[in-house]
Amino acid sequence: MRFAAALMMMVLAMPAQALELSGVFMQGGLVIGHAGPGARVSLDGEAVAVAADGAFVIGFGRDAKDKAVLTVTETDGRTESRTLDIAKQDYDIQRIDGLPARKVTPRPEDVARIKADNAKIGTVRATMTAEPRFVTGFAWPVKGPLSGVFGSQRILNGTPKNPHNGVDVAAPEGTPIRAPAAGVVALVHDDMFYTGKTMMIDHGLGLTSVYAHMASISVIEGQVVEQGQTIGAVGQTGRATGAHLHWGMTWKSTHLDPRLAAGEM
Ligand SMILES: [Zn+2]
């Protein structure tokens, strides 16, 4: 009887489902988590969306602090807090001075177009859909030499420009681009000012990805794509020097490093 009671206490003390986290705990890193169904999750006190089955995703920005606190409250009230150590990345900062002003600032007639493009991209990033299509993790959409890395920044005539918020993979024009994970095509645009033919995938729970400078796009908005499905081809549309894919990933408004999500090429 005493043994049975002790066993019962052990069973009660055991988590219904252990919290699982997989990913890279580094600035720009993406982490996929699984808690129990119905769990509530927060990161540094801010609520994180959780799918019906307990899957969730979190990410750490380019300049994330060295610690983050993840708190999970299961439906039975049990709460687990984990302090996550976030490793630093070293970013390439390039200062270029003495440039003619017109090379640094877009022409007034282009500014309205750039704003409209950014608004469309921002709307997709602000959308929260419930299906956790990211759970497979991410694969490289194109393989090739990296011609641009996440987080690098140029300071032109003393003015810091936005850090590079994705990776650039050099590949011949026409190389097929494959969806790195399943999702819903959330944006198809034929000609954005900077990024040319541009498309976005919504992977669920605020995680989106963007593909820029494409030669062609072979999917339509609202279409569900599976991991590995061809979504278009590499090009150099928009402001690009040479054929490459710019691939970006964003969790809500936090840009992540796709290289950390996809791993070794
Ligand atoms: Zn790029």
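The figures here come from the full heavy-atom set of this structure, side chains too, leaving out hydrogens, waters and symmetry mates. Here the structure is a predicted model, which means the values were calculated and not measured. When a ligand or atom number is given, it counts from 1 through the structure's own listing order.
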Return the set of residues passing side chain to side chain contact (heavy atoms under 4.5 Å, CB included) with Val69 (not counting sequence neighbours), or none when no residue passes.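 Side chain to side chain contact (heavy atoms under 4.5 Å, CB included) list for Val69, sorted by chain: Asp44, Thr71, Ser81, Thr83.
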Only counting residues at least two apart or in another chain, list the ones meeting side chain to side chain contact (heavy atoms under 4.5 Å, CB included) with Lys120. Leu187, His189, Met192
Backbone or side-chain N/O/S of His213 under 2.8 Å of the Zn ion (ligand 1):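 Looking at His213, which is the residue asked about, there is no N, O or S atom under 2.8 Å from the Zn ion (ligand 1).
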Heavy-atom check, side chain of Met199 versus side chain of Val219, under 4.5 Å: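 Met199 vs Val219: side chains touch.
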With the side chain counted from C-beta on, respond yes when Gln89 and Asp257 share a heavy-atom pair under 4.5 Å apart, and no when they do not.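 Side-chain contact under 4.5 Å: yes.
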Which N, O or S atom name in Asp168 marks its closest approach to the Zn ion (ligand 1)? OD1
Do you know which N/O/S atom name in His246 is closest to the Zn ion (ligand 1)?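 Going through the N, O and S atoms of His246 one by one, ND1 ends up nearest to the Zn ion (ligand 1).
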